[in-house]
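Please read the structure below before turning to the comments.
Excluded from the calculations below are hydrogen atoms, water molecules and symmetry mates; all remaining heavy atoms, backbone and side chain alike, are included. Below, chain A is the first sequence line, B the second, and so on; all start at residue 1.
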Amino acid sequence: MSEDFASRVYQVTASIPYGRVTTFGRIARALGSPRSARMVGWALNRSPRELNLPAHRVVNRNGVLSGALHFGHPDAMADLLREEGVTFVDEITVDLDAFVWDPAEDPSLDELFVFPD
DNA sequence: AGTTTGACAGTAT
DNA sequence: GATACTGCCAAAC
């Protein structure tokens with residue numbers, strides 16, 4: 001399976017359950033490149049709006065809404081998450097421990113995994 | 001064609 | 001424990 005990195009990022013992102021969040025690192029790890037978290041950010045940045053990706057559910061390892069600035073208005077991202085029931089420990093920080101979702105734990109994403117034998 | 005930059009993360013100091 | 005440095009890979013300059 002040799003799809004573009006970005007495409008795989010979109011697929012994983014689209015798979016984030018409602019009311020849950022995940023991190024750049026976890027997405028990267030799920031794709032087989034634990035050290036390419038930056039690429040996830042790069043991919044999301046250039047992600048077409050047509051895909052309707054729930055990118056607001058992607059936060060950094062601290063649970064901080066690092067991408068809030070890319071949502072038109074910074075608070076838009078936080079509002080969306082609150083509406084999904086996600087609680088915040090700070091104005092820009094979600095309760096990651098309580099709502100984090102690890103793509104690698106979801107069996108339905110097996111096809112995306114890139115485990116090197 | 002070399003350099004810089006990114007919605008980051010892990011390790012080292 | 002907080003800061004600094006490095007890795008990652010593609011795109012824009």
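Atom CG of L44(A) is separated from atom C1' of dC9(C) by 15 Å (rounded to the nearest Å). Distance, R46(A) CZ to dA7(B) P: 14 Å, rounded to whole Å. Taking atom CZ of residue R26(A) and atom C1' of nucleotide dA7(B), one finds them 17 Å apart after rounding to whole Å. Look at CZ on F5(A): it is 13 Å from P on dC8(C), rounded to the nearest Å. Going from atom CG of N60(A) over to atom P of dC8(C) covers 21 Å, rounded to whole Å. If you take CD1 of I27(A) and P of dC9(C), they are 17 Å apart, rounded to a whole angstrom. Protein atom CZ of R29(A) is 16 Å distant from nucleotide atom C1' of dC8(C), rounded to whole Å. Between L31(A) atom CG and dA9(B) atom C1' there is a gap of 15 Å when expressed in whole angstrom units.
At the heavy-atom level, A55(A) lies under 4.0 Å from base atoms of the strands shown. Within 4.0 Å of S33(A), counting heavy atoms only, lies no atom of the nucleic acid at all. Residue contacts shown for N45(A) include a base, since a base heavy atom lies under 4.0 Å away.
With respect to R57(A) and E84(A), a salt bridge is recorded, a charged nitrogen being found less than 4.0 Å from a carboxylate O.
Taking a 4.0 Å limit (strictly below) on heavy-atom distances, residues 34-42 of chain A reaches DNA chain C at R35(A), R38(A), M39(A), W42(A).
Other residues, nucleotides and ligands place no more than 12 heavy atoms under 6.0 Å from the CZ atom of R46(A).
Looking at residues two or more places apart in sequence or on another chain, you find a side-chain contact (heavy atoms from CB on, under 4.5 Å) between A55(A) and F71(A).
In this structure, the side chain of S15(A) engages the main chain of Q11(A) through a donor-acceptor pair within 3.5 Å.
Separating the C1' atom of dT3(C) from that of dA7(B) is a span of 22 Å, rounded to the nearest Å. Rounded to the nearest Å, the gap between the P atom of dC5(C) and that of dT4(B) is 16 Å. Taking atom P on both dC8(B) and dG1(C), the two are 24 Å apart, rounded to the nearest angstrom.
In this structure, CZ on R8(A) lies 7.0 Å from OG on S33(A), to the nearest 0.5 angstrom. Interatomic distance, CZ of R82(A) versus NE2 of H56(A), reported as 12.5 Å (0.5 Å rounding).
V12(A) and W101(A) get closest at one heavy-atom pair: O-CZ3, 4.3 Å.
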